[in-house]
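The sequence lines fix the lettering, A, B, ..., with proteins before strands; numbering per chain opens at 1. What you see below is based on every heavy atom in this structure, not just the backbone, and it leaves out hydrogens, waters and symmetry mates. Bear in mind the structure is a predicted one, so any value in this text is a computation, not a measurement.
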There are 2 protein chains.
Amino acid sequence: MSGRREEILDAALDIADEHGLEAVSMRALADRVGVTPMALYRHVKDKSALLDGMIGRLLTALLPARTPEDQTWEERLGALGHACREVTRRHPWAAHLLFSRPAVTPDAVRAVDIVYTALIDAGVPESQVPRLERLVSTFVIGFAASEASGRFSPGTLDPRSRRGQLPDEELPGHRRLAPYLDLPVDLTAEFEADLEDIRALIRAAAGRP
Amino acid sequence: MSGRREEILDAALDIADEHGLEAVSMRALADRVGVTPMALYRHVKDKSALLDGMIGRLLTALLPARTPEDQTWEERLGALGHACREVTRRHPWAAHLLFSRPAVTPDAVRAVDIVYTALIDAGVPESQVPRLERLVSTFVIGFAASEASGRFSPGTLDPRSRRGQLPDEELPGHRRLAPYLDLPVDLTAEFEADLEDIRALIRAAAGRP
DNA sequence: ACCTGAACACCGTTCAAGT
DNA sequence: ACCTGAACACCGTTCAAGT
């Protein structure tokens, strides 16, 4: 029950928030905790175990203390999705780590269970629930990771880079959509619209037993 | 036009395929090419530019030489999705890199354009096409990254880890779905089913102008 | 139990120098 | 133009030793 481990993990979170994940080294972490690098191995075993511990801390913060019973399945799914996106907006370095490790910690299993019960309540046939859970979580984590890594906003780097590198006649889609492509994107509204489309997909799956 | 750069990038791909992405160091790459580490900077500028160049090579291999005109939009979307998954199955280390960099290279822009035209042909209102392109690509890359990183198969590490860590009454979804949770998953079939659900989502978007 | 010092085998990158 | 050698400021981790 030693809070020492949590203290170390939280120090690592602070370093990542301030200077990025690549700044989280055993040596820098030891410095921050006020100890020699080797002392960390008493509490963490490994660098990769350290990273696992860090996302574990985030998952604990992400989850609702108790799943509210008075919400519809649509609301519970939306709340979990927004919570996930909120965590990766606060800790952009964490986004791609969510893809790296399977859902084996207790908190991650609880998150999966929330989606399972939402899908069951939606009326999805039980044999289809595990697949649709993976579809939903893949999309939500993928959106969060795309936003965090800047995949959704290439224009900020070089506004004209999307076109110009190729002759326009080879990009009929871009030419046709030109009026829409330079508009700023409201990712919060887009995420909500995406979630609504996913909910419709789930309703369709529920309606074909 | 010097093929020297491509030679170096392909050597880096070989190292990653054989020993993982973390084995791709400037020094190891220089050894493989038969040169001193510093000589690489003549052709690559940076380590991160090296990584960009590597995914660039993969994207070129992934794309169809010319978009076939005789396929339906459903077929073109499916072909691109399967090509993407195929690349990350052959090069698992590449999956999470696809999330890191925005689609700015000519090949990446061409891939986006293929999805744009598929969505336009499906009848999606033009104002909705960019959002749905991001939804589709996020899901496809997310699926590929999940599969490559093992996020979809936690059972291979520890078959009983999903349950057992928490009391069963806190995991009603898992308890209810128990008969389905230990079955082996056919990810090829699952990806196809997911794609079909996404296509239905697109048809729905096309039907509400 | 918990921590330290010194050491090993690595990194990416800069800089001046060579041909 | 293209490459090299030496150096700088870092890594994760092991191992024997200290309290």
Side-chain angles (χ1 to χ4, degrees), chain A residues 1-58 91-94 96-97 99-101 149-150 157, chain B residues 1-58 91-94 96-97 99-101 149-150 157:
Chain A
M1 267 298 178
S2 84
R4 186 72 173 141
R5 179 162 201 272
E6 282 71 14
E7 201 179 320
I8 290 173
L9 293 178
D10 287 341
L13 292 188
D14 288 342
I15 295 176
D17 285 343
E18 291 169 23
H19 305 104
L21 186 60
E22 77 286 350
V24 178
S25 68
M26 299 302 273
R27 300 165 116 105
L29 178 55
D31 266 9
R32 160 92 63 154
V33 178
V35 93
T36 232
M38 297 331 305
L40 299 177
Y41 286 81
R42 204 57 43 178
H43 307 93
V44 171
K45 172 184 182 294
D46 223 22
K47 170 94 187 255
S48 94
L50 171 70
L51 298 177
D52 285 340
M54 289 170 71
I55 67 159
R57 291 290 281 172
L58 291 189
H91 312 281
W93 50 267
H96 91 264
L97 284 186
F99 270 123
S100 320
R101 313 281 171 180
S149 70
L157 301 176
Chain B
M1 265 300 177
S2 83
R4 187 74 173 138
R5 180 164 201 269
E6 281 71 13
E7 202 179 320
I8 289 173
L9 293 178
D10 287 341
L13 292 188
D14 288 342
I15 296 176
D17 286 343
E18 290 167 24
H19 305 104
L21 187 60
E22 76 285 351
V24 179
S25 69
M26 299 302 273
R27 299 165 117 105
L29 178 55
D31 266 8
R32 160 91 64 155
V33 178
V35 94
T36 232
M38 297 332 306
L40 300 177
Y41 286 80
R42 204 59 42 178
H43 307 93
V44 170
K45 174 186 181 291
D46 224 21
K47 170 93 186 255
S48 94
L50 171 69
L51 297 177
D52 285 341
M54 290 169 71
I55 67 159
R57 292 289 282 170
L58 291 188
H91 312 281
W93 50 267
H96 92 265
L97 284 185
F99 270 124
S100 320
R101 313 281 171 183
S149 71
L157 301 175

Are any of A:T36's side-chain N or O atoms less than 4.0 Å away from OP1 or OP2 of C:dC3? no
Rounded interatomic separation in angstrom, taking CG from B:D46 and C1' from C:dC11: 14 Å
Specify the residue among A:R42 and B:S48 whose closest nucleotide of DNA chain C lies further upstream toward the 5′ end. A:R42
Any side-chain heavy atom of A:L50 sitting closer than 4.5 Å to one from A:L29? yes
Got A:V33 and A:R4 here, is their nearest side-chain heavy-atom distance under 4.5 Å? yes
Establish, with yes or no, whether the OP1 or OP2 oxygen of C:dC3 is under 4.0 angstrom from a side-chain nitrogen or oxygen of A:H43. yes
Nearest whole angstrom, please: distance from the P of D:dG12 to the CG of A:L40. 10 Å
Output the rounded distance in Å from CZ (A:R27) to P (C:dT4). 14 Å
Rounding to an integer number of Å, can you tell me how far A:I8 CD1 sits from C:dC2 P? 11 Å
Partner of B:L40 by side chain to side chain contact (heavy atoms under 4.5 Å, CB included), out of B:K47, B:R27, B:M26: B:M26
Rounded to whole Å, please give me the gap between CE in B:M38 and P in C:dG12. 10 Å
Determine, step by step, whether A:L21 and A:L97 satisfy the side-chain contact (heavy atoms from CB on, under 4.5 Å) criterion, reporting the C-alpha distance in whole Å, the side-chain angles of both residues, the deciding distance to 0.1 Å, and the verdict. CA-CA 10 Å; A:L21 186 60; A:L97 284 186; 4.2 Å; yes
Measure from CG on A:L29 to C1' on D:dT13 and round the result to the nearest Å. 15 Å
Taking the nucleotide of DNA chain D with the closest heavy atom to each, which residue, B:V35 or A:V24, is nearer the 5' end? B:V35
With a 3.5 angstrom cut-off on both distances, give the Watson-Crick or G-U wobble partner of D:dT4, or none if there isn't one. C:dA16
Roughly how many Å apart are D:dA9 and C:dC10, using the P atom of each and rounding to a whole number? 22 Å
B:R57 versus B:H91: any side-chain heavy-atom pair under 4.5 Å? no
Taking CD from B:E22 and P from C:dA9, how many angstroms apart are they, rounded to a whole number? 20 Å
With a non-hydrogen cut-off below 4.0 angstrom, is A:M26 in contact with a base, only sugar-phosphate, or nothing? sugar-phosphate
Answer yes or no: does a side-chain N or O of A:Y41 lie under 4.0 Å from OP1 or OP2 of D:dT13? yes
Could you check how far NZ of A:K47 sits from C1' of D:dT14, rounded to whole Å? 17 Å
